[in-house]
**Student:** 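Here it is, the structure in full.
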Amino acid sequence: MVDLLPCPFCGGAGVLEAVFPLDGGKFWAVHCRHCRMIGPFTPANVTEAIAVDLWNRRAKQTY
(Lines give C-alpha, C1' and ligand atoms only; values in the text may rest on other atoms or scores of the structure.)
Protein backbone atom coordinates (compact mmCIF):
# COMPACT_ATOMS: atom_id res chain seq x y z
CA MET A 1 0.00 0.00 0.00
CA VAL A 2 1.27 3.47 -0.89
CA ASP A 3 1.15 6.37 1.52
CA LEU A 4 -0.35 9.34 -0.33
CA LEU A 5 -0.91 12.72 1.25
CA PRO A 6 -4.40 14.23 0.87
CA CYS A 7 -5.19 16.43 -2.11
CA PRO A 8 -3.66 19.91 -1.72
CA PHE A 9 -6.83 21.53 -3.10
CA CYS A 10 -9.70 19.77 -1.32
CA GLY A 11 -8.19 17.30 1.17
CA GLY A 12 -9.63 14.29 -0.69
CA ALA A 13 -7.92 10.92 -0.97
CA GLY A 14 -5.37 10.38 -3.71
CA VAL A 15 -5.42 7.37 -6.02
CA LEU A 16 -2.35 6.00 -7.83
CA GLU A 17 -3.06 4.66 -11.33
CA ALA A 18 -1.05 3.31 -14.22
CA VAL A 19 -1.85 4.96 -17.55
CA PHE A 20 -1.16 3.24 -20.85
CA PRO A 21 -1.06 5.68 -23.80
CA LEU A 22 -1.50 4.53 -27.39
CA ASP A 23 2.25 4.50 -28.05
CA GLY A 24 2.63 1.43 -25.82
CA GLY A 25 4.45 3.12 -22.94
CA LYS A 26 3.30 3.27 -19.35
CA PHE A 27 3.34 6.07 -16.82
CA TRP A 28 1.95 6.64 -13.36
CA ALA A 29 -0.32 9.42 -12.13
CA VAL A 30 -2.07 10.27 -8.88
CA HIS A 31 -5.47 11.91 -8.93
CA CYS A 32 -7.92 13.04 -6.26
CA ARG A 33 -11.08 10.95 -5.86
CA HIS A 34 -13.08 14.02 -4.85
CA CYS A 35 -12.09 17.00 -7.03
CA ARG A 36 -10.33 14.99 -9.78
CA MET A 37 -7.15 17.10 -9.59
CA ILE A 38 -4.32 15.20 -11.30
CA GLY A 39 -0.81 15.26 -9.92
CA PRO A 40 2.33 15.39 -12.05
CA PHE A 41 2.62 12.63 -14.64
CA THR A 42 5.84 10.64 -14.68
CA PRO A 43 7.95 10.09 -17.76
CA ALA A 44 7.25 6.80 -19.54
CA ASN A 45 8.33 3.58 -17.87
CA VAL A 46 9.41 4.91 -14.47
CA THR A 47 8.36 3.50 -11.13
CA GLU A 48 5.20 4.24 -9.24
CA ALA A 49 7.37 5.42 -6.32
CA ILE A 50 8.33 8.47 -8.37
CA ALA A 51 4.66 9.39 -8.96
CA VAL A 52 3.98 9.05 -5.22
CA ASP A 53 7.00 11.21 -4.40
CA LEU A 54 5.90 13.92 -6.86
CA TRP A 55 2.35 13.94 -5.44
CA ASN A 56 3.59 14.09 -1.86
CA ARG A 57 6.25 16.76 -2.51
CA ARG A 58 4.20 19.90 -3.06
CA ALA A 59 3.06 23.08 -1.37
CA LYS A 60 1.23 22.86 1.94
CA GLN A 61 -2.50 22.38 1.86
CA THR A 62 -4.57 25.52 1.39
CA TYR A 63 -8.06 24.35 2.38
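As a basis for the values below, the full set of heavy atoms in this structure was taken, side chains included, without hydrogen atoms, waters or symmetry mates.
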**Student:** Return the set of residues passing side chain to side chain donor-acceptor pair (under 3.5 Å) with Asn56 (not counting sequence neighbours), or none when no residue passes.
**Tutor:** none
**Student:** Val30 vs Leu4, test: side chain to side chain contact (heavy atoms under 4.5 Å, CB included). Steps then yes/no.
**Tutor:** CA-CA 9 Å; Val30 179; Leu4 295 169; 4.0 Å; yes
**Student:** Would you compute the distance between atom SG of Cys7 and atom CZ of Arg33 and round it to the nearest 0.5 angstrom?
**Tutor:** 13.0 Å
**Student:** What's the separation between atom CG in Leu5 and atom CZ in Arg57, rounded to the nearest 0.5 Å?
**Tutor:**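 It is 12.0 Å, given to the nearest 0.5 Å.
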**Student:** State the CG-CG distance between Leu16 and Asp3, to the nearest 0.5 angstrom.
**Tutor:** 12.0 Å
**Student:** Looking at every heavy atom in both Cys10 and Cys32, which two are closest together, and how far apart are they?
**Tutor:** SG-SG, 3.5 Å
**Student:** Calculate, to the nearest 0.5 Å, the distance between atoms CD and CG belonging to Glu48 and Asp53 respectively.
**Tutor:**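 One gets 12.5 Å once the value is rounded to the nearest 0.5 Å.
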**Student:** Say whether Val15 and Trp28 are linked into one hydrophobic cluster, either directly or through other cluster members, by side-chain heavy-atom distances under 4.5 angstrom.
**Tutor:** no
**Student:** Measuring from Met37:CE to Trp55:CH2, what's the distance to the nearest 0.5 Å?
**Tutor:** 4.5 Å
